[in-house]
Student: 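A single structure is presented below for examination.
FYI, side chains are in, hydrogens and waters are out, and symmetry mates aren't considered; it's all heavy atoms of this structure. In this text, all values refer to a predicted model and were calculated from it rather than measured experimentally. Numbering of residues begins at 1 and proceeds along the displayed sequence. Numbering of ligands and ligand atoms starts at 1, following listing order.
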Amino acid sequence: MKVLAFETSCDETSAAVVDGFNVLSNITHTQLEHADFGGVVPEIASRAQVRLILPITRKALKVANVELQDIEGVAVTKGPGLIGSLLVGIVFAKTISQLIKKPIVGVNHLEGHIFSAFISHKELEPPLLVLLVSGGHTELVWMQDYFDYRLLGVTLDDAAGEAFDKVAKLLGLPYPGGPQIDKIARSGRPDFVKFPRANPSGLNFSFSGLKTAVLYYLRKQTDEFIIQHKADIAASFQEAVVDSLLIKTLKAIEIHGADKLAVVGGVSLNSRLRTKFQEELSNEVSLYFPEPKYCGDNAAMIGAAGHLRIINGYVDGMDLTAYPNLQL
Ligand code: KG4
Ligand code: ZN
């Protein structure tokens, strides 16, 4: 089933054509205009979505080599995300669905991230454990079946990606900071500073204490020292995040007897996370990371989840709207 999908929940404008879990095209534009502000400005993001959605969609159809008439269903992110950005995608998707008289389905962005693992690993099937690590979320999810999720643990404060972005800012690195820390940490010593590994109750996470620990550490150092040891500090911080994620994931594997683990979301791109999870967990579980192009926000993952929803009869009407705080 050929589905035209849209993802406009934040500062990416993405359109894709998928045929089941096969991606025929996946065109994503990341707005760079937020860099000057050190974070995403919602008003700028939604205006850019309006400007970009049509050209990005045209390109997605062209690259997939399909006409609008070939599309059999429409999928769009309904939340969580920025209300203005979400509404642009939703109104656009509803218009196309009416135009071609084909069903539409709203997809939870977090479910979309989980389906990125199914795009990259066609053999993968539930039940499985999922670690979802992005700029807005850090969650351990038990996926019993398609569309059947149980939340096992969440961050009690900052998301892992948010911690990366905030610490990058403290180190004077540009936004978004996650990839920057990953890059400079490669030449740093992860044992240079022993930052705390928070261990809140159950399978929950916490990253705000770590961010504060980095802040207090930096305040005690001279500018020269920070410049000289930037890579060491970045590597030490990154190691603390990866360890915190690893400790709870291992605990979840043991408690729930998981034999498959998918790690998804923007932070799953992190090279140290990938290496350390492989080293520490590959004897415990079969480990699945999406291909890098499907880790960040993209419409292909929304299309993959959307197609399965449509063929299972989950379709929406013209009252489909945005849910900025939607949970899984
Ligand atoms: O999933 P995503 O693209 O958007 C959200 O749904 O939030 O995740 C974006 C987050 C940002 O915080 C970004 O800094 C982080 O993913 N990120 C990384 C890396 N690449 C992206 N964090 C650590 N290492 C990376 N290589
Ligand atoms: Zn995301």
Student: Considering only non-hydrogen protein atoms, determine which one is nearest to atom 18 (C) of ligand 1 and report residue, atom name and distance to 0.1 Å.
Tutor: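 Residue, atom and distance for the closest contact: Gly178 CA, 3.7 Å.
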Student: Remaining members of Leu82's ILVMFWY cluster at a side-chain heavy-atom cut-off under 4.5 Å?
Tutor: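 In the cluster with Leu82 are Val40, Tyr175.
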Student: Among Asn108, Leu326, Ile302, find the residue that satisfies the side chain to side chain contact (heavy atoms under 4.5 Å, CB included) test when tested with Thr77.
Tutor: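 Running side chain to side chain contact (heavy atoms under 4.5 Å, CB included) over Asn108, Leu326, Ile302 with Thr77 returns exactly one hit, Ile302.
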Student: Mind checking whether Gly177 has an N or O less than 3.5 Å away from an N or O of ligand 1?
Tutor: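 Between Gly177 and ligand 1 (N or O atoms, distance only) the closest approach is not under 3.5 Å.
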Student: Yes or no on side chain to side chain contact (heavy atoms under 4.5 Å, CB included) for Asn26 and Lys293, after CA distance, side-chain angles and deciding distance?
Tutor: CA-CA 9 Å; Asn26 184 36; Lys293 61 185 168 190; 5.5 Å; no
Student: Answer side chain, backbone, both or neither: which part of His109 comes under 4.0 Å from ligand 1, heavy atoms only.
Tutor: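 Only the side chain of His109 comes within reach of ligand 1.
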Student: Which residue supplies the protein heavy atom nearest to atom 9 (C) of ligand 1, what is that atom called, and how far is it?
Tutor: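 Atom 9 (C) of ligand 1 sits closest to the protein heavy atom Gly135 N, 3.7 Å.
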Student: When only distance counts, is Gly296 in polar contact with ligand 1, meaning an N/O pair under 3.5 Å?
Tutor: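 No.
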Student: Using 30° and 60° as the class limits, which term best fits the ring planes of Tyr146 and Phe115: parallel, tilted or perpendicular?
Tutor: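 Plane angle between 30° and 60°, so tilted.
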Student: Hey, does His137 sit under 4.0 Å from ligand 1 if you only count heavy atoms?
Tutor: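 Not so, His137 does not reach ligand 1.
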Student: Could you state the interatomic distance from CG (Asp297) to OG1 (Thr28), rounded to the nearest 0.5 Å?
Tutor: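 Spacing of CG (Asp297) from OG1 (Thr28) equals 8.5 Å.
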Student: Got the closest protein heavy atom to atom 13 (C) of ligand 1, with its distance?
Tutor: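 Protein heavy atom with the smallest distance to atom 13 (C) of ligand 1: Asp165 OD1, 3.8 Å.
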Student: To 10°, measure the OD1(Asp297)-the Zn ion (ligand 2)-NE2(His113) angle for me.
Tutor: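 Computed angle, vertex at the Zn ion (ligand 2), rounded to 10 degrees: 100°.
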Student: At a 4.0 Å cut-off, with the gap strictly under it, does some heavy atom of Gln238 reach an atom of ligand 1?
Tutor: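 The answer is no, since Gln238 has no heavy atom less than 4.0 Å from ligand 1.
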Student: Could you tell me whether Gln327 atom CD has more than 12 heavy atoms of other residues or ligands within 6.0 Å of it?
Tutor: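 No, because the 6.0 Å sphere around CD of Gln327 holds 12 heavy atoms or fewer from other groups.
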Student: Taking ring pair (Phe, Tyr, Trp, His ring centres under 6.0 Å) as the criterion, tell me which of Phe21, Tyr288, Tyr294 meets it with His121.
Tutor: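 Answer to the ring pair (Phe, Tyr, Trp, His ring centres under 6.0 Å) test with His121 among Phe21, Tyr288, Tyr294: Tyr288.
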Student: Considering the heavy atoms of Gly161, write down every atom of ligand 1 situated less than 4.0 Å from one of them.
Tutor: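 Near Gly161, meaning under 4.0 Å from one of its heavy atoms, ligand 1 has 12 (O).
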Student: I need the atoms of ligand 1 closer than 4.0 Å to a non-hydrogen atom of Gly136, numbered in the order shown.
Tutor: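 Numbered from 1, ligand 1 contributes 7 (O).
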Student: Taking 2.8 Å as the cut-off, does His109 contribute an N, O or S atom near the Zn ion (ligand 2), distance below it?
Tutor: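 Within the cut-off used here (under 2.8 Å), His109 does place an N, O or S atom near the Zn ion (ligand 2).
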Student: What I want to know is whether Asp182 and ligand 1 share at least one N or O pair that is separated by under 3.5 angstrom.
Tutor: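 Checking ligand 1 against Asp182, an N or O pair does fall under 3.5 Å apart.
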Student: Ligand 1 and Pro176, any nitrogen or oxygen pair closer than 3.5 angstrom?
Tutor: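 No, Pro176 has no N/O under 3.5 Å of an N/O on ligand 1.
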Student: Has the side chain of Thr13 got a donor or acceptor atom that lies under 3.5 Å from a matching backbone atom of Ile53?
Tutor: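 No, Thr13 side chain to Ile53 backbone: no donor-acceptor pair under 3.5 Å.
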Student: Closest approach of Phe164 and Ile181, non-hydrogen atoms and distance?
Tutor: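 Heavy atoms of Phe164 and Ile181 come nearest at O-CD1, 3.5 Å.
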Student: What is the ring orientation for His229 with Phe192, classed by angle as parallel under 30°, tilted 30 to 60°, or perpendicular over 60°?
Tutor: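 Ring orientation, 0 to 90° scale: parallel.
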Student: Would you mind telling me which of His34, Gln49, His29 makes a side chain to side chain contact (heavy atoms under 4.5 Å, CB included) with Asp11?
Tutor: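 One option only clears the test, and that one is His34.
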Student: Heavy-atom contacts with Ser134 under 4.0 Å: which atoms of ligand 1 show up? List them by number with element.
Tutor: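 Answer for ligand 1: 1 (O), 5 (C), 6 (O), 7 (O), 8 (O).
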Student: Give the residue, atom name and distance (to 0.1 Å) of the protein heavy atom nearest atom 1 (O) of ligand 1.
Tutor: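 Scanning the protein heavy atoms, the shortest distance from atom 1 (O) of ligand 1 goes to Gly266 N, 3.0 Å.
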Student: Considering all heavy atoms of both residues, which atom of Gly317 and which atom of Ile104 are nearest to each other, and what is their separation?
Tutor: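 Smallest heavy-atom distance, with atoms named: O-CG2, 4.4 Å.
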Student: Going by the order shown, which atoms of ligand 1 are within less than 4.0 Å of some heavy atom of His113?
Tutor: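 Close to His113: 1 (O), 6 (O).
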Student: Would you mind checking which non-hydrogen protein atom is closest to atom 15 (C) of ligand 1, with the distance to 0.1 Å?
Tutor: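 Atom 15 (C) of ligand 1 sits closest to the protein heavy atom Val267 CG2, 3.9 Å.
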Student: Between Asn270, Asp11, Asp297, flag the one that comes closest to atom 4 (O) of ligand 1 by a heavy atom.
Tutor: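 Residue with the shortest heavy-atom distance to the ligand atom: Asp297.
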